Amino acid sequence: MVLRVLNALTYREVAWFRRFFADYVVSWIFPLALSVGVIFLPASISGVNTVLSRMSNLFNYQMDLKTAYSLALALTGIVNVVAIVINDVIQTMFAEFRFMEVGWMILETTGLVKYTIANAIIRPAIMTPLATLFLAPLLLYLNGFSGLVTFALLELVFIATSIALGFYSTIVAIPLTFHTKISRPWTIANTLAPAILAGTGVYIPVNLVPAILRFFAYSTPVPRSCEIVYLISLRGFPSEITLFLVFITFLTSLYLAVSGILSKNADARVRKG
């Protein structure tokens, strides 16, 4: 039964990718513009050397232009992962059970618990490589073969983070879908993702971020994910990656337990009418 649910959701994601391929192209172009702007807009005002000096002080690592731009590119991958996963997991569940009226078909074939678990894993695991694929050729061009190794390590971090965020988003999506009468869930999803990114302090020290935004960020793995992305981009294969994977596994298990309880209660509520 679980395998059938996974197959169905995988088919859905492939079909959506074909239908919305242009959206992915946009998701590749925007981060490129962002990464260029992070480096070269300040450089146009104060000069490249000043920007590199400030970035070296900020990250405690002596950078050249190639390293600085590689780091900026890697960080845009995190931006893509957070924005896409948070929005799509929440809105997909809401749409299927409230707008598209296919919820009854889902509940006839499986339980809500199995559906939410499969949705939290399959959707992020497929979307994340597609949304961050643009990094591979750029890192290869900038750093040669070592750029591909860096991309592979980054992709591991991105996918692990996206699955954790999939369950985090499920915890938010279930109350919105089954316990409220809200009709525009995207207002919450579109606010939550920027709040997490802002609270993480992706491009600035986190101690400069307001406490309320840090609260949103530190309820997710994103701050830790950014830290390991820094280390991978600057050092290649950091020993801290093992500790990060242990941390992300623990956090995902915690999210899974909470979302499972919420899903089970929502399932009983829906079936009772």
Side-chain angles (χ1 to χ4, degrees), residues 1-17 80-132 155-180 182 185-186 188-189 192-193 196 216 219-222 224-225 244-272:
M1 177 65 72
V2 175
L3 184 59
R4 291 180 179 178
V5 175
L6 292 173
N7 286 338
L9 292 180
T10 301
Y11 173 79
R12 180 192 69 184
E13 296 309 315
V14 172
W16 280 25
F17 173 70
N80 258 16
V81 168
V82 174
I84 289 176
V85 172
I86 294 290
N87 279 277
D88 276 57
V89 170
I90 293 176
Q91 294 190 46
T92 296
M93 184 179 297
F94 195 92
E96 290 185 336
F97 283 90
R98 294 278 292 272
F99 288 157
M100 300 169 66
E101 297 183 356
V102 297
W104 63 272
M105 296 174 60
I106 294 171
L107 294 178
E108 279 185 351
T109 57
T110 187
L112 190 58
V113 175
K114 293 178 180 177
Y115 166 81
T116 55
I117 290 174
N119 190 57
I121 295 173
I122 292 296
R123 190 159 182 75
I126 292 177
M127 292 177 62
T128 295
L130 295 175
T132 56
E155 203 62 34
L156 176 64
V157 172
F158 293 155
I159 292 175
T161 301
S162 71
I163 292 174
L165 288 174
F167 286 106
Y168 176 90
S169 302
T170 300
I171 293 172
V172 177
I174 291 172
L176 286 178
T177 303
F178 301 105
H179 300 288
T180 71
I182 188 172
W186 53 85
I188 293 177
L192 184 58
I196 292 171
F216 285 106
S219 64
T220 76
V222 179
R224 286 288 183 89
S225 299
F244 168 78
L245 292 176
V246 172
F247 165 77
I248 206 79
T249 300
F250 168 77
L251 201 59
T252 301
S253 301
L254 180 61
Y255 292 155
L256 172 60
V258 175
S259 65
I261 293 171
L262 294 175
S263 299
K264 188 174 182 179
N265 291 337
D267 188 278
R269 177 189 178 99
V270 172
R271 292 183 190 276
K272 287 180 181 179

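From a predicted model like this one, the values you see are computed outputs, not experimental measurements. Numbering of residues begins at 1 and proceeds along the displayed sequence.
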Heavy-atom side-chain contact between Val172 and Ile86 under 4.5 Å
no

Residue set satisfying side-chain contact (heavy atoms from CB on, under 4.5 Å) with Leu262, at least two apart, ordered chain then number -> Ile171, Ile174, Val258

Hits for side chain to side chain donor-acceptor pair (under 3.5 Å) against Ser225, two or more places apart or cross-chain, chain-then-number order -> Thr161

Hits for ring pair (Phe, Tyr, Trp, His ring centres under 6.0 Å) against Phe167, two or more places apart or cross-chain, chain-then-number order -> none

With sequence neighbours left out, the residues meeting side chain to side chain donor-acceptor pair (under 3.5 Å) with Ser259 are none

Sequence neighbours excluded, the answer for side-chain contact (heavy atoms from CB on, under 4.5 Å) partners of Ala164 is Pro221, Ile248, Thr252, Tyr255

Smallest heavy-atom separation, Thr128 atom then Thr132 atom, equals O-OG1, 2.7 Å

Shortest non-hydrogen pair, Val89 vs Pro124, comes out as CG2-CG, 4.2 Å

Sorted by chain and residue number, the side-chain contact (heavy atoms from CB on, under 4.5 Å) partners of Ile261 (sequence neighbours excluded) come out as Asn265

Of all heavy-atom pairs linking Phe178 and Met93, the shortest is CE1-SD, 4.4 Å

Minimal heavy-atom distance between Val82 and Ala193, with the atoms involved, is CG1-O, 3.9 Å

- Message: Please check: side-chain N/O of Asn119 versus main-chain N/O of Tyr115, any donor-acceptor pairing under 3.5 Å?
- Response: no

Interatomic distance, CD1@Ile159 vs CE@Met127, rounded to 0.5 Å, equals 13.0 Å

The reported gap from CD1 in Ile90 to CG in Leu176 (rounded to nearest 0.5 angstrom) is 6.5 Å

Sorted by chain and number, sequence neighbours left out, ring pair (Phe, Tyr, Trp, His ring centres under 6.0 Å) with Phe247 holds for none

Nearest heavy-atom approach of Asn80 to Ala131 is ND2-O, 2.9 Å

Contacts of Thr220 meeting side chain to side chain donor-acceptor pair (under 3.5 Å) (sequence neighbours excluded), chain-then-number -> none

In short, Gly166 meets Val85 closest at the heavy-atom pair N-CG1, 3.8 Å

The complete set of side-chain hydrogen bond (donor to acceptor under 3.5 Å, both in side chains) pairs with one or both residues in residues 164-176, sequence neighbours excluded, reads Tyr168-Ser219

CD1 (Ile163) and OG1 (Thr249) are apart, to the nearest 0.5 Å, by 10.0 Å

